[in-house]
Every structure is written in C-alpha cells, then in structure tokens.
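Have a look at the structure below, then the notes.
Numbering of ligands and ligand atoms starts at 1, following listing order.
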Amino acid sequence: MENIAGKKALVTGGARGLGKATAIALAKEGVHVAITGRREEQLKLTVKELQDLGVTATYAVFDISDLTSVQQGIEQLNHSFGKFDIVINNAGIASFGSLLDMDADMWTSIIQTNVLGSYYVTKAILPQLIEKNEGDIIFVSSTAGLNGAATTSAYSASKFAVIGMADSLMREVRKHNIRVCTLMPSTIASDMSKELGLTDGNPESVLQPEDFAELIIANLKLPRRAMLKSASLWSTNPS
Ligand SMILES: NC(=O)c1ccc[n+]([C@@H]2O[C@H](COP(=O)([O-])OP(=O)(O)OC[C@H]3O[C@@H](n4cnc5c(N)ncnc54)[C@H](OP(=O)(O)O)[C@@H]3O)[C@@H](O)[C@H]2O)c1
C-alpha cells in the first residue's frame with residue numbers, strides 16, 4: 001500500500017460536498033491540502049477545519065472555467081503552499097432539462113466548468129508532477145458519464161468527456177509514474193443533489209460524501225505499479 005502522509009494535495013471545489021469530505025479525509029491521513037472555489041467565506045471555514053486536524057492547509061479563490069484565473073490561482077498556491085503530488089479534479093456544476101428547454105448559455109457553462117475546468121487545472125499542475133516523476137490525478141465524473149438520461153444532455157456530455165480526457169491522459173502520463181483515475185459516483189447527498197431534487201432526505205438511500213472520500217483515499221493507497229497498468233475507471237453505486 002502507498003503511504004500518502006506528508007504529500008500535498010489540491011482539491012478543487014473543496015469547501016463543500018464531496019470536495020470538502022475528500023479534503024477532510026486527506027487531512028486525517030496526514031496529507032497537506034489546498035482547496036479552491038469561488039466563495040472565499042466557505043473556503044476559509046474549511047481551511048480552519050483542516051488546520052485543526054494538524055496539517056498545513058490553505059485556499060485560493062478562482063473560477064476553474066477561466067484559464068487565466070486558474071493559472072494565476074495555481075501559481076499563487078505553488079508560491080505559498082508548494083508543488084503538488086495529488087490533484088482531485090472535483091469542482092463541477094449540474095443543471096438538468098430537455099435539450100430544447102435548456103438555455104444555450106447554461107449548456108456552455110456546464111461544458112466550460114466540468115470539462116475545460118478540469119483540463120485547465122490539470123494542465124497547470126501536470127508539469128510539476130512530471131518533474132517529480134510521481135503523482136496522482138483523480139477526476140470526478142458520474143454515472144451520468146456512462147449513460148445518458150432524458151434530461152441530462154449537457155451534464156452527461158460533460159461527464160462522458162471527462163472520462164475520455166482522463167483515460168487518454170492515463171495512457172499519456174503513466175511513463176512518468178503518474179496515476180490517473182476517474183470516479184463515477186451515482187447520487188451522493190450534497191447541495192448539488194439536493195438542488196437537483198435527487199435526494200429524499202433519507203441518509204440511507206444514497207451515498208454520503210464521506211463514503212465517496214473513503215473511495216478516494218483507498219484509491220490513492222493502492223499499489224502504484226498495478227494502478228499504472230490497469231484500467232483507470234471506478235464506478236460507485238451504479239444506478
Ligand atoms: N452529488 C452527487 O450526487 C454527484 C454525483 C456524481 C458526480 N458528482 C460530481 O461530484 C463533484 C462534486 O459535486 P458536489 O455534489 O459536491 O457538488 P456541490 O456541493 O455543488 O459542490 C461543487 C463545488 O464545486 C465548486 N465549483 C463549481 N463551479 C466552480 C467554478 N466555476 N470554479 C471553481 N469552483 C467551482 C463549488 O465551489 P464555489 O461554489 O465556491 O465555486 C463547490 O465547492 C461534481 O463534479 C459533480 O458533478 C456529484
């Protein structure tokens with residue numbers, strides 16, 4: 001098993017939902033964590049929780065759908081926090097509706113955030129992982145990235161794309177000892193699933209963010225050699 005204590009991780013969208021649970025789980029393993037998002041207040045509160053767990057923690061405010069903003073944010077974190085070992089591409093948005101009903105701007109925004117956002121963050125950090133000849137990049141797709149549904153054209157298009165990007169990247173960078181993995185959870189209790197009306201308030205009916213975080217940690221601890229050469233896709237709680 002890999003020892004992850006002392007490593008440095010970036011968790012995008014780390015102030016709430018799956019990202020926050022992942023950041024906390026990483027900190028409990030002794031991983032130093034930087035989190036990002038657009039809302040500074042939430043980021044500050046989560047950083048305090050992470051610091052209370054005894055690790056170094058910090059945040060950067062930036063919009064992942066904007067390349068310049070991502071480059072500046074990562075540069076700022078490299079300066080204040082250091083170079084990264086682990087990247088969790090978690091931040092994302094969702095909105096459901098028929099193809100005809102959904103506003104073209106919303107469609108674009110989902111692709112811009114979920115696909116290009118993950119690409120921008122990965123592009124900004126990949127050179128430092130290659131330089132270290134080691135690293136882990138985890139993408140958060142969805143079961144909506146495996147199968148479409150009647151109202152998920154934009155979201156599914158974005159999450160299918162994430163799987164394609166990650167699978168290609170896995171093949172591209174394994175020679176640099178960099179593992180790339182994609183998780184494809186079904187519904188998990190969070191603000192997003194609540195806003196989409198996917199949860200019924202019964203905590204037993206869906207996964208909790210902490211369950212998802214456990215999978216991320218388990219994945220990071222898997223033997224490196226086997227993971228470099230095997231399939232990079234993990235689906236949880238398929239619907
Ligand atoms: N919950 C589910 O049922 C479920 C199932 C499958 C996959 N997923 C995926 O899991 C990931 C996390 O979902 P969640 O349920 O935790 O969602 P959430 O509660 O809505 O949290 C999303 C996070 O992403 C950040 N974010 C969104 N747009 C951003 C942008 N343009 N720039 C920077 N940060 C941005 C948000 O921070 P700010 O608002 O501060 O920017 C927030 O911290 C997403 O990729 C989602 O698609 C979720």
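Of the possible polar contacts, none joining the S158 side chain to the V115 backbone as a donor-acceptor pair under 3.5 Å is found. Put simply, the side chain of N89 never gets that close to the backbone of T12: no donor and acceptor are under 3.5 Å apart. Side chain of T152 to main chain of Y155: no donor-acceptor pair is present (N/O by atom type, distance under 3.5 Å, no hydrogens or angles).
A heavy-atom cutoff of 4.0 Å around ligand 1 is satisfied by the protein residues G13, R16, G17, L18, G37, R38, R39, F62, D63, I64, N90, A91, G92, I93, T113, V140, S141, S142, Y155, K159, P185, S186, T187, I188, S190, D191, M192, S193.
Here the side chains of R224 and R179 are in contact, with some heavy-atom distance below 4.5 Å.
Heavy atoms from other residues, nucleotides or ligands lying under 6.0 Å from CD of E210 number more than 12.
With sequence neighbours excluded, no residue satisfies ring pair (Phe, Tyr, Trp, His ring centres under 6.0 Å) with F62.
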